[in-house]
Amino acid sequence: MVRRALLCGIAAAASALSGASAYVSTFVPKKGIVSPAPRGMGITNSGSRRSSMRNDIKMMPIGVPKVAYRVPGGMGAEWVDIYNRLYRERIIFLGSEIDDELANQIIGVMLYLDEEDSSKPIYLYINCPADPEVITINLGLAASMASFILAAGSKGKRLALPSSRIMIHQPMGGAQGQAQDIKVEAAQIMRIRDNLVKMYSMFTGQTTDQITKDLDRDNFMSAQDALEYGLIDRVLERPSGPGM
């Protein structure tokens with residue numbers, strides 16, 4: 001229940017922030033309902049047909065990268081886009097601007113994966129201008145709402161590449177209209193800011209006064225700075241040793 005409440009909080013906060021990124025494509029249903037495969041994609045366990053089947057398999061469709069995927073228990077393989085295939089491995093990518101619709105899609109996928117198997121972690125890869133564990137990894141830039149999502153990962157599982165950056169700032173708004181309407185909108189933005197301050201404080205261990213000060217302007221951090229601040233738990237380094 002705590003995790004689902006947090007996911008809903010992320011969706012509510014997404015509409016107040018900009019500059020982050022995310023990507024989600026159509027999810028492959030649990031029962032394996034996918035688009036029809038090109039002719040010749042059927043795969044069987046019969047050794048006598050393997051050679052001919054190799055000749056019958058058509059080239060991957062042009063466009064979004066696709067891979068052959070056989071639904072567990074099924075007899076044939078289907079072409080599915082690579083993001084759908086990665087979802088089956090509980091991997092989600094964020095790589096374009098976050099809005100309400102995209103936030104809902106991300107939350108929907110995470111809730112689905114939680115319902116499917118709550119004992120396995122979910123990997124959330126971020127490249128943006130609880131139980132089960134949600135492992136967040138900053139690949140390049142985690143800015144604005146993306147920094148919030150990065151910090152909201154499971155403690156000990158919030159990771160970043162050495163050259164990545166993190167940026168935090170206060171909510172932005174574009175209120176217009178009558179003076180009273182602008183006043184109401186400003187009050188709502190301040191309320192959202194106060195909620196973000198409390199949650200950033202919970203994620204990082206920083207005091208609310210320090211968070212309020214640091215959110216006042218665009219605040220960029222290196223991966224090491226974010227580690228010391230408490231936004232992440234570990235900076236990923238290249239493995240050392242023979243052959244590395």
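Residue indices begin at 1 and follow the sequence shown.
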### Nearest heavy atoms of Ala223 and Val235, plus distance in Å
O-CG2, 3.8 Å
## Note on the structure
Shortest non-hydrogen pair, Lys120 vs Arg90, comes out as O-NH2, 3.1 Å
### Partners meeting ring-ring contact (aromatic ring centres under 6.0 Å, His included) with Tyr123 (sequence neighbours left out)
none
Once you round to the nearest 0.5 Å, how far does [atom1] of [X] lie from [atom2] of [Y]?
X      : Y      : atom1 : atom2 : answer
Lys213 : Gln206 : NZ    : CD    : 11.5 Å
Lys155 : Asp233 : NZ    : CG    : 7.0 Å
Met221 : Gln224 : CE    : CD    : 12.5 Å
Ile122 : Leu111 : CD1   : CG    : 8.5 Å

### Any pair counted as salt bridge (charged side-chain N to carboxylate O under 4.0 Å, His left out), so long as it reaches residues 193-203, sequence neighbours left out
none
### Task
State whether Lys66 and Asp81 are salt-bridged, where the test is any N-O pair (Lys NZ or Arg NE/NH1/NH2 against Asp/Glu carboxylate O) under 4.0 Å.
no
### Task
Mind checking side-chain contact (heavy atoms from CB on, under 4.5 Å) for Glu185 and listing every partner two or more places apart, or none if nothing turns up?
Ala175, Ile189
### side-chain contact (heavy atoms from CB on, under 4.5 Å) involving Asp181 - partner list, sequence neighbours excluded
Gln178
Evaluate the side-chain proximity of [Y] to [X]: yes if any heavy-atom separation is below 4.5 Å, no if none is.
X      : Y      : value
Val80  : Val67  : yes
Met190 : Ile192 : no
Ile232 : Thr136 : no
Leu113 : Met110 : no
Thr204 : Ile211 : yes
Leu124 : Ile135 : no
Leu94  : Ile106 : yes
Leu231 : Phe203 : no

### Cluster link Tyr229 to Met202, ILVMFWY, side chain under 4.5 Å
yes
Just distance, no hydrogens or angles: give the donor-acceptor pairs under 3.5 Å from side chains in residues 161-168, sequence neighbours left out.
unit_1: Ser164; atom_1: OG; unit_2: Asn138; atom_2: ND2; d: 3.4
unit_1: Ser164; atom_1: OG; unit_2: Leu161; atom_2: O; d: 2.7

### Summary
Applying salt bridge (charged side-chain N to carboxylate O under 4.0 Å, His left out) to Glu89 and not counting sequence neighbours gives Arg85
Are the side chain of [X] and the backbone N or O of [Y] linked by a donor-acceptor pair below 3.5 Å?
X      : Y      : answer
Arg158 : Val134 : no
Gln170 : Asp216 : yes
Ser201 : Val197 : no
Ser118 : Glu115 : no

### Query
Looking at Thr212, Asp214, Thr208, Thr207, which one forms a side-chain hydrogen bond (donor to acceptor under 3.5 Å, both in side chains) with Gln210?
Asp214
### Query
Between Phe148 and Tyr200, how do the two ring planes meet: parallel, tilted or perpendicular, split at 30° and 60°?
perpendicular
### Query
Stepwise, does the side chain to side chain contact (heavy atoms under 4.5 Å, CB included) test hold for Ile92 with Val109?
CA-CA 8 Å; Ile92 302 173; Val109 172; 3.7 Å; yes
### Message
Are more than 12 heavy atoms, taken from residues, nucleotides or ligands other than Glu228, located less than 6.0 Å from that residue's CD atom?
### Response
yes
### Task
Would you check, one step at a time, whether the test side chain to side chain donor-acceptor pair (under 3.5 Å) holds for Ser119 with Asp117?
CA-CA 5 Å; Ser119 66; Asp117 190 342; 2.5 Å; yes
